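The structure displayed is predicted, hence computed values, not measured ones. Both ligands and their constituent atoms are indexed starting at 1 by order of listing.
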Amino acid sequence: MMAIARPYRSVLYIPGSKDRALEKARDLPADAIIFDLEDAVAADEKGNARALLAETLASADYGSRAKIVRVNGLDTPWGRDDLAAFAGMAVDALLIPKVSSPADLDAVAALVPDLPLWAMMETALGMLNAAAIAAHPRLSGMVMGTNDLAKELGSRFRPDRLPLQAGLGLCLLAAKARGLVIIDGVYNAFKDDDGLRAECEQGRDMGFDGKTLIHPAQLAVANTAFAPSEAEVTLARRQIDAFAAAEQLGQGVAVVDGKIVENLHIVTARQTLAKAEAIAAMDAT
Ligand SMILES: CC(C)(COP(=O)(O)OP(=O)(O)OC[C@H]1O[C@@H](n2cnc3c(N)ncnc32)[C@H](O)[C@@H]1OP(=O)(O)O)[C@@H](O)C(=O)NCCC(=O)NCCSC(=O)C[C@H](O)C(=O)O
Ligand SMILES: [Mg+2]
């Protein structure tokens with residue numbers, strides 16, 4: 001498993017057609033931005049949004065935020081033109097919607113020789129093929145599309161997301177097995193902070209790197225939920241110190257707060273500290 005090199009606590013969707021939102025995002029505390037040409041843009045706005053976004057990304061400075069463009073699928077009238085417009089741009093990745101099999105990524109990879117690809121995981125077939133999709137050599141990230149997934153499953157929205165757990169778990173396993181970034185789906189009720197917090201906590205507990213968001217008001221909750229807390233950082237330091245002291249005595253196990261600490265826990269502790277440092281560096285920019 002590969003440690004993530006940059007934080008992805010908050011990944012904000014911005015409709016590529018909304019110039020005010022595109023401008024505002026330059027100053028928002030998002031770790032990454034998904035510039036969306038797919039579902040957030042109406043059919044008769046697709047061409048204008050593509051042109052506006054290409055012009056914006058060529059000229060605007062989004063600082064250290066990761067820049068990801070979600071294109072339309074190749075099975076739509078706009079997919080090919082989207083890929084042509086952004087294949088040579090200085091963005092961090094292209095996000096491909098509704099990826100159901102590695103062949104969907106092959107088709108994009110043939111048209112985009114260089115950029116890393118990310119996959120929207122949001123179809124029933126995509127859940128079943130998650131391991132094969134994650135193994136694609138051009139893939140570096142996955143994003144859960146929980147709205148489309150719920151639509152395909154015919155499931156109801158529940159606070160515990162029980163109907164989605166199988167899909168979330170399969171994609172998480174697939175991504176982690178290949179060292180990919182994996183981001184949880186959106187929380188639609190963008191004025192409900194408590195509901196968002198609960199869903200972020202659930203995603204963090206499961207192992208997601210962060211959450212996709214639809215409104216700036218959701219940033220603070222996600223940034224807090226997916227960062228190591230002060231207590232976690234303090235515990236990580238104490239575990240590292242205690243284990244080092246145990247090793248000095250020729251022992252392979254330490255005890256902290258009544259719990260054993262072995263070498264594997266030190267790996268996690270070091271990852272916690274590395275993540276906290278990466279976040280501090282991000283927040284300082
Ligand atoms: C949800 C919204 C339509 C709400 O828009 P609005 O009513 O304009 O919100 P506010 O008036 O509260 O906005 C306040 C200011 O914030 C800016 N703003 C709003 N949203 C964003 C944003 N996403 N990024 C940046 N800035 C944003 C407004 O411009 C206002 O600025 P100011 O004028 O200075 O006050 C709207 O938030 C929205 O369109 N959100 C994005 C929706 C979207 O991207 N949907 C597609 C992705 S979700 C999806 O597809 C998931 C997946 O595929 C699945 O299947 O699950
Ligand atoms: Mg979707």
For this session: Answer with yes or no whether P216 contacts ligand 1, where contact means a heavy atom under 4.0 Å from a ligand atom.
Result: yes
Problem set entry | Taking every non-hydrogen atom, the tightest pair across I266 and Q239 | CD1-O, 3.5 Å
Seminar exercise, completed: Checking heavy atoms under 4.0 Å, the part of M144 that sits near ligand 1 is neither
Exercise. Which of the atoms of ligand 1 are close to A40, meaning less than 4.0 Å from one of its heavy atoms?
Worked result: 43 (C), 44 (O), 45 (N), 46 (C)
Problem set entry | atom 6 (P) of ligand 1 within contact range, any protein heavy atom under 4.0 Å | no
Exercise. Looking at the Mg ion (ligand 2), which N/O/S atom of D148 is the nearest one?
Worked result: OD2
For this session: Report yes if some heavy atom in the side chain of L52 is under 4.5 Å from a heavy atom in the side chain of D19; otherwise report no.
Result: yes
Problem set entry | Residues E38 and K98 bridged, charged N to O under 4.0 Å | yes
Exercise. Quick one: does ligand 1 sit under 4.0 Å from the side chain of K191, the backbone, both or neither, non-hydrogen atoms only?
Worked result: neither
Problem set entry | Side chain proximity check, P163 to R156, heavy atoms < 4.5 angstrom | no
For this session: If a pair satisfies ring-ring contact (aromatic ring centres under 6.0 Å, His included) and one of its residues is in residues 132-154, list it, with sequence neighbours excluded.
Result: none
Exercise. Between D39 and ligand 1, does any nitrogen or oxygen pair lie at a separation below 3.5 Å?
Worked result: no
Exercise. Hey, is atom 2 (C) of ligand 1 touched by any protein heavy atom at less than 4.0 Å?
Worked result: no
Problem set entry | Atom indices of ligand 1, in the order listed, that fall short of 4.0 Å to a heavy atom of T146 | 54 (C), 56 (O)
For this session: Identify the residue among V181, V99, L95, I182 that makes a side chain to side chain contact (heavy atoms under 4.5 Å, CB included) with V143.
Result: L95
For this session: Have a look at A21, S17, A217 and point out the one with the heavy atom closest to atom 25 (C) of ligand 1.
Result: A21
Problem set entry | Residue-ligand contact K151/ligand 1, heavy atom below 4.0 Å | no
Exercise. Is the shortest distance from a Lys or Arg side-chain nitrogen in R65 or D31 to a carboxylate oxygen in the other one below 4.0 Å?
Worked result: no
Problem set entry | Which of the ligand 1 atoms, numbered from 1, are nearer than 4.0 Å to a heavy atom of E122 | 52 (C), 53 (O), 54 (C), 55 (O)
Exercise. Among protein heavy atoms, which lies nearest atom 40 (N) of ligand 1, and at what distance?
Worked result: I214 O, 2.8 Å
For this session: Determine which pairs satisfy ring-ring contact (aromatic ring centres under 6.0 Å, His included) with at least one residue from residues 98-125, sequence neighbours left out, and list them in order.
Result: Y8-W118
For this session: Distance to 0.1 Å, residue and atom name: give those for the protein heavy atom nearest to atom 39 (O) of ligand 1.
Result: K18 NZ, 3.0 Å
Problem set entry | Sub-4.0 Å protein heavy atom next to atom 44 (O) of ligand 1 | yes
Seminar exercise, completed: In this structure, atom 17 (C) of ligand 1 is nearest to the protein heavy atom K24 CD, 3.5 Å
Exercise. Between D36 and K18, is the closest basic N to carboxylate O distance under 4.0 Å?
Worked result: no
Problem set entry | N147, portion touching ligand 1 at heavy-atom distance under 4.0 Å | both
For this session: Answer yes when K259 and D257 have at least one side-chain N-carboxylate O distance shorter than 4.0 Å, and no when they do not.
Result: no
Problem set entry | For atom 13 (O) of ligand 1, closest protein heavy-atom neighbour | H215 NE2, 3.5 Å
Exercise. In terms of the angle between their ring planes, are F35 and Y62 parallel, tilted or perpendicular, with boundaries placed at 30° and 60°?
Worked result: perpendicular
Problem set entry | D241 with R238: basic N within carboxylate O range, under 4.0 Å | no
Problem set entry | Distance flag for atom 53 (O) of ligand 1, protein heavy atom under 4.0 Å | yes
For this session: Please name the atom of E122, restricted to N, O or S, that is closest to the Mg ion (ligand 2).
Result: OE1
Problem set entry | E230, CD: over 12 other non-hydrogen atoms inside 6.0 angstrom | no
Exercise. Among D184, V221, L12, N223, whose side chain to side chain contact (heavy atoms under 4.5 Å, CB included) with K211 holds?
Worked result: D184
Exercise. What's the shortest distance from atom 4 (C) of ligand 1 to any protein heavy atom, and which residue and atom give it?
Worked result: F190 CZ, 3.9 Å
For this session: Within a distance under 4.0 Å of any heavy atom of M120, pick out the atoms of ligand 1 and give their elements.
Result: 52 (C), 53 (O)
Exercise. Quick one: does R237's side chain have a donor or acceptor within less than 3.5 Å of a partner on E232's backbone?
Worked result: no
Problem set entry | Side chain, backbone, both or neither: the part of L12 lying under 4.0 Å from ligand 1 by heavy atom | side chain
Exercise. Does atom 11 (O) of ligand 1 have any protein heavy atom closer than 4.0 Å?
Worked result: no
Seminar exercise, completed: Restricting to heavy atoms, the pick from R70, E38, R20 nearest atom 50 (O) of ligand 1 would be R70
Problem set entry | K67/D61 ion pair, N-O < 4.0 Å | no
Seminar exercise, completed: Numbered in order shown, the ligand 1 atoms found under 4.0 Å of a heavy atom of D36 are 46 (C)
For this session: Answer yes or no for P15: is there a heavy-atom contact with ligand 1 below 4.0 Å?
Result: yes
